[in-house]
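As the structure lists them, so they are numbered: ligands from 1, and atoms in each ligand from 1. Below, all heavy atoms of this structure are taken into account, side chains as well, without hydrogens, waters or symmetry copies.
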Amino acid sequence: MSIPLRKEDEIIKLREACKLASDVLVMIEPYVKAGITTGELDRICHEYMVNVQKTIPAPLNYHGFPKATCISLNEVVCHGIPSDDKKLKDGDIVNIDITVIKDGYFGDNSKMYIVGETNIRSQKLVEAAQEALYVGIRTVKPGIRLNEIGRAIQKYTEAQGFSVVREYCGHGIGTEFHCDPQVLHYYADDGGVILKEGMVFTIEPMINAGKKEVRLMGDGWTVKTKDRSHSAQYEHQIVVTATGCEVMTIREEEEKAGRISRIMLNV
Ligand code: MF3
Ligand code: CO
Ligand code: CO
């Protein structure tokens, strides 16, 4: 497995792409209200990326994906296709996943939004998905095995009474959308990979309120929980540093909340 080690010149480019990707998640927040369709949310993001940011939406035409963003509602685990037929309603939980390309470099991130108010269990699920990501981020430093990330995420998630999806994982990213390493969100064989300064990858655990099993829908993209329980996901893109990692897609709201910081000192 060959995992590129990025130097400062490329990290600067990735930081810029990641900042733009995170800006889209902030920009769209006030629009995520009951009554809007996921198709309209996609159009607003698409316009913003192309016309304001001058970025390329990476999902569009990626292996035939038809839209600029992935929007996944309730029991949809990931890769939801935005549609004018899907209207948000009070109590929905929704993931918006944004990947932009700027100057040849990719920035990938996602977060959950709650439409109006939802029930306590869904609130808890959304909260746990964010903390699962943070637990993973807090493990990252050079010299550790790659599978320590998934080990920590699985332990946390199952202790909360939720399950970790196995079929989809975090991934290396840089001048390609998806490359090595595969970052599993549960404990399994990692092929002996040791983290090194300059590795860039995402962590993006999908966690289910019910069982871990998923089903691919007939459109070839939409992934749902098999038991139709709700699912939640947050994603950040990080680079391994000498003393931990840098969260390249961190949002201001997260820096203020103080549960993670851009520069994570994990040693
Ligand atoms: N952004 C997703 C990820 O986190 C990938 C979406 S691929 C698409 O890896 F084709 F569905 F857009
Ligand atoms: Co990703
Ligand atoms: Co993504």
Side-chain angles (χ1 to χ4, degrees), residues 3-4 14 17-28 38-39 41-43 45-46 49-50 55-73 76-83 86 94-102 105-113 129-130 132-134 136-137 140 146 149-150 153 164-185 199-207 214-224 231-239 245 247-251 254:
I3 303 168
L14 286 164
C18 286
K19 169 72 170 100
L20 292 162
S22 72
D23 284 346
V24 180
L25 293 180
V26 174
M27 179 281 300
I28 200 64
T38 61
L41 290 172
D42 177 75
R43 275 193 295 280
C45 291
H46 193 171
M49 288 186 261
V50 172
T55 56
I56 300 167
L60 189 61
N61 302 319
Y62 179 77
H63 295 282
F65 190 79
K67 295 286 179 177
T69 67
C70 295
I71 306 187
S72 303
L73 270 181
V76 178
V77 173
C78 63
H79 304 163
I81 303 175
S83 159
K86 265 184 222 106
V94 52
N95 174 280
I96 303 183
D97 192 331
I98 299 291
T99 312
V100 307
I101 312 170
K102 182 72 167 183
Y105 287 81
F106 287 72
D108 185 9
N109 66 169
S110 82
K111 65 163 287 202
M112 298 298 298
Y113 304 84
Q130 184 167 43
L133 168 59
Y134 289 177
I137 287 171
V140 175
L146 174 63
I149 299 171
I153 290 171
V164 177
V165 170
R166 304 296 203 266
E167 285 81 355
Y168 303 88
C169 58
H171 50 92
I173 183 167
T175 50
E176 281 175 282
F177 199 164
H178 297 106
C179 54
D180 283 337
Q182 287 196 34
V183 182
L184 304 183
H185 304 117
M199 286 182 178
V200 176
F201 53 83
T202 71
I203 305 176
E204 48 181 300
M206 284 136 274
I207 78 171
V214 302
R215 281 277 176 272
L216 180 63
M217 296 297 105
D219 61 18
W221 284 104
T222 307
V223 177
K224 290 188 180 179
S231 187
Q233 177 181 32
Y234 282 77
E235 173 176 28
H236 274 310
Q237 182 170 327
I238 68 175
V239 56
C245 65
V247 183
M248 305 182 97
T249 45
I250 196 166
R251 298 178 299 281
E254 292 179 289

Point to revise | N, O or S atom within E204 nearest to the Co ion (ligand 2), by name | key: OE2
Review point. Name of the E235 N, O or S atom nearest the Co ion (ligand 2)?
Key: OE2
Close-contact set for ligand 1 against [X] heavy atoms, below 4.0 Å:
{"X": "D108", "answer": "1 (N), 3 (C), 4 (O), 9 (O)"}
{"X": "T99", "answer": "1 (N)"}
{"X": "W221", "answer": "8 (C), 10 (F), 11 (F)"}
{"X": "P59", "answer": "12 (F)"}
{"X": "E235", "answer": "4 (O)"}
{"X": "H171", "answer": "3 (C), 4 (O), 9 (O)"}
{"X": "C70", "answer": "6 (C), 8 (C), 11 (F), 12 (F)"}
{"X": "H178", "answer": "3 (C), 5 (C), 9 (O)"}

Donor-acceptor contact present, side-chain [X] to main-chain [Y], <3.5 Å:
{"X": "D97", "Y": "S110", "answer": "no"}
{"X": "D180", "Y": "I3", "answer": "no"}
{"X": "S22", "Y": "R251", "answer": "no"}
{"X": "S231", "Y": "I207", "answer": "yes"}
{"X": "T55", "Y": "M49", "answer": "yes"}

Exercise for review: Looking only at protein heavy atoms, identify the closest one to atom 2 (C) of ligand 1 and say how far it is in Å.
Suggested key: D97 OD2, 3.4 Å
Practice item. Just need the protein heavy atom nearest to atom 7 (S) of ligand 1, so name the residue and atom and give the distance. Key: Y62 CD2, 3.8 Å
Exercise for review: Please find out if the Co ion (ligand 3) and some N, O or S atom of D97 are separated by less than 2.8 Å.
Suggested key: yes
Decide whether the shortest distance between a heavy atom of [X] and an atom of ligand 1 is less than 4.0 Å.
{"X": "K67", "result": "no"}
{"X": "Y168", "result": "no"}
{"X": "E204", "result": "yes"}

Check your understanding: Which of parallel (below 30°), tilted (30 to 60°) and perpendicular (above 60°) describes F65 and W221?
Key -> perpendicular
Check your understanding: More than 12 non-hydrogen atoms from neighbouring residues, nucleotides or ligands closer than 6.0 Å to CD on Q182, yes or no?
Key -> no
Exercise for review: Answer yes if the side chains of E204 and H236 hold a donor-acceptor pair under 3.5 Å, and no otherwise.
Suggested key: no
Exercise for review: Compute the ring centroids of Y168 and H185, then answer whether they are less than 6.0 Å apart.
Suggested key: no
Study note, to complete from the structure: Checking T99, T202, T249 against D108 for side-chain hydrogen bond (donor to acceptor under 3.5 Å, both in side chains), the one that qualifies is T99
Practice item. Side-chain contact test, heavy atoms from C-beta onward, threshold under 4.5 Å: evaluate it for I173 versus Q237 and give yes or no. Key: yes
Study note, to complete from the structure: At the Co ion (ligand 2), OD2 of D108 and NE2 of H171 open up to roughly (10° bins) 90°
